[in-house]
Number of protein chains: 2
Amino acid sequence: MSEEGPLKMADVARLANVSMSTVSRALADNPLIPEDRRREIQRIAAEAGYVVNQSARSLRMRKTQTIGVVFPLGHDVGQLISDPFFIEMFGRLADEITTRGYQVLLCRVTDTSEGWLNRIIQSHRQDGLVIVGQSDQHEALNKAADTYLPLVVWGGHLTGQTYCSVGTDNIAGARRAVDHLLGLGRRRIAFLGMLELPEIALRHEGYVRALRAANLDPDPALVIPAHFSFETAYEAARELIESGTPFDAIFAASDIIALAAVQALAAAGVDVPGDVSVVGFDDIAIAAQSTPPLTSVHQDLAKGAKTIVDLLFKRMAGEDAPSATLLPKLVVRKSCGGSPTG
Amino acid sequence: MSEEGPLKMADVARLANVSMSTVSRALADNPLIPEDRRREIQRIAAEAGYVVNQSARSLRMRKTQTIGVVFPLGHDVGQLISDPFFIEMFGRLADEITTRGYQVLLCRVTDTSEGWLNRIIQSHRQDGLVIVGQSDQHEALNKAADTYLPLVVWGGHLTGQTYCSVGTDNIAGARRAVDHLLGLGRRRIAFLGMLELPEIALRHEGYVRALRAANLDPDPALVIPAHFSFETAYEAARELIESGTPFDAIFAASDIIALAAVQALAAAGVDVPGDVSVVGFDDIAIAAQSTPPLTSVHQDLAKGAKTIVDLLFKRMAGEDAPSATLLPKLVVRKSCGGSPTG
DNA sequence: TTTCTTTTTGCAATCGATTGCGTTAGCCTC
DNA sequence: GAGGCTAACGCAATCGATTGCAAAAAGAAA
């Protein structure tokens with residue numbers, strides 16, 4: 001029961017009157033050691049409060065029992081905590097990873113200078129990597145994937161992509177959302193989001209396709225750059241409103257942007273959904289709770305996280321598991337008007 | 001520019017025509033190596049794509065440059081992802097930790113059998129620990145703190161506590177909330193929360209004190225056990241309503257419980273705040289967005305996280321930094337009726 | 001040129017485990 | 001009692017860095 005300073009395996013060996021090799025094998029339940037002896041040694045170790053030093057173990061085994069979860073957020077220092085989507089995704093990934101007996105190492109990348117991903121990989125701090133969001137790092141990811149197998153990315157599937165990704169079909173999701181707005185009779189539908197981000201570009205593509213399919217010409221004046229943070233998105237929406245460009249609906253690239261837009265509209269005395277319909281993307285928890293409740297393209301994060309981690313573990317086992325795409329679902333709530341059945 | 005397999009420091013030494021010692025020192029910016037030589041070696045290493053192996057480094061230095069963030073959630077598997085409070089706290093801690101150049105290791109503890117904390121500590125996976133929420137582990141924490149300095153706990157300050165904690169003054173916060181309800185003329189105020197959790201017990205204490213100060217006798221029938229999850233809290237609220245016990249206000253131990261109560265009340269046709277006032281605790285992001293917006297006791301998590309990490313780093317440096325208490329603030333919104341200044 | 005400093009540099013031990021391989025002990029069989 | 005075989009166990013190398021100490025090189029002073 002005594003818990004003296006950091007005792008090492010050699011100490012346990014002394015206590016049990018055996019060699020370190022034997023202790024190591026006993027603790028690892030190696031059948032080379034007879035069962036009763038194993039139990040005995042395990043008991044002694046536990047009673048002494050001995051725990052294997054993971055640094056030493058990792059070095060020798062070349063394994064860390066740890067998965068790195070990376071958020072390539074660029075210089076957007078506050079985004080991790082401000083974006084509920086990332087947060088929820090992280091939680092679900094953590095669940096999946098810890099369930100499999102691995103630790104979760106959070107890697108926030110603020111310095112995306114040449115070789116950032118290689119620096120993470122070569123540090124050997126983790127046995128596998130999940131990258132949440134491609135950000136603008138498509139090339140870096142492609143490059144890393146050439147030599148590093150245990151890597152799975154949450155994000156859109158892009159052309160010329162060699163890495164393994166899991167993500168919602170952004171085009172289909174956007175298309176569904178915009179089709180719904182068109183079905184409600186909306187014709188001047190604005191798009192809010194940063195086209196520079198690959199996933200957003202895909203959502204924009206779906207938006208354009210939906211318009212074209214309805215024989216409408218996309219109006220560039222209705223495409224407004226908007227970042228993920230509430231404040232900047234609010235600004236973007238305000239500018240759209242003040243520009244005087246007429247519009248009767250907003251399709252936002254994320255729920256945060258949509259919520260910001262709703263508030264900006266409210267502040268300008270525009271009724272949602274009376275005057276303008278609003279649809280978001282992600283269907284984060286707040287979406288259902290906001291006023292009015294937000295119509296949004298739902299992504300099944302629980303399933304996404306499970307898929308990501310499943311693929312990652314296959315890859316860690318040496319298998320070259322392929323990318324996967326999840327089907328999004330439009331959840332209709334009050335913010336776009338019309339009946340819940342569309 | 002070539003990025004061959006995992007190259008080691010010895011390889012860089014060969015490339016630079018020096019010994020490993022020199023490479024090691026150069027990469028650590030050790031002034032023992034003349035500046036120009038240092039730069040040269042650093043350049044060679046960078047160009048070769050070399051990165052120090054952290055397992056080896058950790059073993060030798062007995063440091064991991066990693067902080068463990070622990071959620072002792074017992075068997076409540078889903079809580080991490082479902083509780084916005086923990087999530088937000090985690091995000092802010094992550095910010096503070098990464099800003100200081102450390103990594104964040106998430107430790108979800110599901111097995112709280114004897115010695116769980118010791119097992120984490122002795123694994124030497126981290127240089128310091130943040131425990132988020134005392135759960136029911138007061139004793140285990142006290143015991144660990146005797147021999148392990150770099151440990152800071154988010155939670156209430158309890159009697160007989162030897163570990164370092166940072167937390168809101170729960171009694172004062174609760175008192176402020178209940179005083180406000182009393183000021184609105186409410187007299188039959190229910191308390192929803194699990195008294196078994198130390199922090200909640202403190203909030204209950206504040207509740208009792210506020211009532212006593214108003215010459216009211218706390219009615220045990222108005223104290224309802226309610227867990228942190230939305231579903232169980234909803235059930236608890238429903239039972240209170242159906243019990244027929246008259247009440248005109250609810251003070252919930254957390255926002256999630258409060259939101260669940262609001263929905264249960266709405267489902268029962270009870271008007272909030274007309275018939276019943278509701279106040280929560282934590283002031284999570286959703287609180288302001290809900291319908292009606294929730295009055296809540298605000299905890300400054302950004303400041304809390306900063307304080308935690310500041311103290312932790314002091315302790316990691318060997319200093320026996322003391323506990324700290326943050327002052328809560330009541331944020332009045334519509335859910336309790338009355339005027340915002342009320 | 002010699003001697004004494006001061007600056008650079010490298011050898012080798014070390015961190016704490018894991019594991020291939022060889023040795024010892026135990027048991028059976030003839 | 002010798003030989004053969006297997007089950008247990010330990011020696012020592014290894015993982016990839018860091019660093020105390022001493023040696024070598026360079027520079028300064030005499």
Side-chain angles (χ1 to χ4, degrees), chain A residues 4-42 44-46 48-66 103 119 121-127, chain B residues 4-42 44-46 48-66 103 119 121-127:
Chain A
E4 298 311 330
L7 67 175
K8 325 189 292 182
M9 191 174 276
D11 301 322
V12 178
R14 211 165 302 126
L15 284 176
N17 263 318
V18 292
S19 72
M20 267 179 61
S21 326
T22 302
V23 174
S24 175
R25 292 199 253 254
L27 293 183
D29 256 330
N30 188 324
L32 226 51
I33 311 293
E35 174 134 1
D36 46 352
R37 210 168 210 344
R38 250 185 282 163
R39 301 246 171 290
E40 172 69 3
I41 294 177
Q42 286 167 3
I44 293 177
Y50 171 76
V51 180
V52 173
N53 180 315
Q54 292 301 323
S55 296
R57 177 171 227 271
S58 298
L59 173 59
R60 179 60 228 242
M61 312 257 300
R62 297 151 146 278
K63 290 199 174 187
T64 58
Q65 287 279 316
T66 300
Q103 305 276 316
R119 250 172 276 140
I121 293 173
Q122 298 301 335
S123 75
H124 288 274
R125 238 188 271 255
Q126 66 289 313
D127 299 339
Chain B
E4 300 310 330
L7 67 175
K8 326 190 291 181
M9 191 174 277
D11 300 323
V12 178
R14 210 166 302 126
L15 284 176
N17 263 316
V18 292
S19 72
M20 266 179 64
S21 328
T22 303
V23 175
S24 176
R25 292 190 176 110
L27 294 182
D29 255 331
N30 188 323
L32 228 51
I33 310 294
E35 174 134 3
D36 46 351
R37 208 165 207 352
R38 250 186 280 164
R39 300 246 170 290
E40 171 69 3
I41 294 177
Q42 287 167 4
I44 292 177
Y50 170 76
V51 180
V52 173
N53 180 316
Q54 292 300 323
S55 296
R57 176 171 227 270
S58 299
L59 173 59
R60 177 62 228 243
M61 311 257 299
R62 299 151 144 278
K63 290 199 173 184
T64 58
Q65 288 279 317
T66 300
Q103 305 277 315
R119 250 171 276 140
I121 293 173
Q122 299 302 335
S123 75
H124 287 275
R125 237 188 271 256
Q126 68 287 313
D127 299 339

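What you see below is based on every heavy atom in this structure, not just the backbone, and it leaves out hydrogens, waters and symmetry mates. Letters go in sequence order (proteins before strands), and every chain restarts at 1.
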Taking the side chain as every heavy atom from C-beta outward, state whether A:Pro31 and A:Arg38 have any pair of such atoms under 4.5 Å apart.
yes

By salt bridge (charged side-chain N to carboxylate O under 4.0 Å, His left out), A:Asp11 pairs with (sequence neighbours left out) A:Arg14

Any side-chain N or O of A:Arg62 under 4.0 Å from OP1/OP2 of D:dG16? yes

Of D:dC15, D:dT18, D:dA8, the nucleotide closest to the side chain of A:Arg37 is D:dA8

note: B:Leu59, atom CG; D:dC15, atom P; distance rounded to Å ~ 14 Å

On DNA chain C, more 5' by nearest nucleotide between B:Arg60 and B:Asn17 is B:Asn17

From CE of B:Met9 across to P of C:dT9 the rounded distance in Å is 16 Å

When rounded to whole Å, the CD to P distance for the pair A:Glu35 and D:dA8 reads 11 Å

note: A:Ile33, atom CD1; D:dG10, atom P; distance rounded to Å ~ 8 Å

Among the nucleotides C:dC11, D:dT19, C:dT18, whichever has the atom closest to the side chain of B:Ser19 is C:dC11

Out of D:dG16, D:dA8, C:dG16, minimum distance to the side chain of A:Pro34 belongs to D:dA8

Whole-Å distance, B:Arg57 CZ to C:dA17 C1', equals 20 Å

Would a 4.5 Å heavy-atom cut-off, applied to side chains only, mark A:Tyr50 and A:Met9 as touching? yes

| query | Does the C:dC11 base have a donor-acceptor partner in the side chain of B:Ser21 within less than 3.5 Å? | reply | yes

From NZ of B:Lys63 across to C1' of C:dG16 the rounded distance in Å is 18 Å

(Q) It should be established whether A:Tyr50 places a side-chain nitrogen or oxygen under 4.0 Å from OP1 or OP2 of nucleotide C:dA17. (A) yes

Q) Between A:Gln54 (side chain) and A:Thr64 (backbone), is there a donor-acceptor pair under 3.5 Å? A) no

query = For B:Thr22 and C:dG10, is the shortest distance between a side-chain N/O and OP1 or OP2 below 4.0 Å?
reply = yes

Look at the side chain of B:Arg25 and the backbone N and O of B:Asn30, then say whether any donor-acceptor pair between them is shorter than 3.5 Å. no

A:Arg25 CZ to C:dT18 C1', in whole Å, measures 9 Å

Practice prompt. Kindly say whether, by distance alone, the side chain of B:Ser55 makes a donor-acceptor pair under 3.5 Å with the base of D:dC15?
Written response: no

Side-chain contact check for A:Ala56: nearest option of D:dC9, C:dG16, D:dT18 is C:dG16

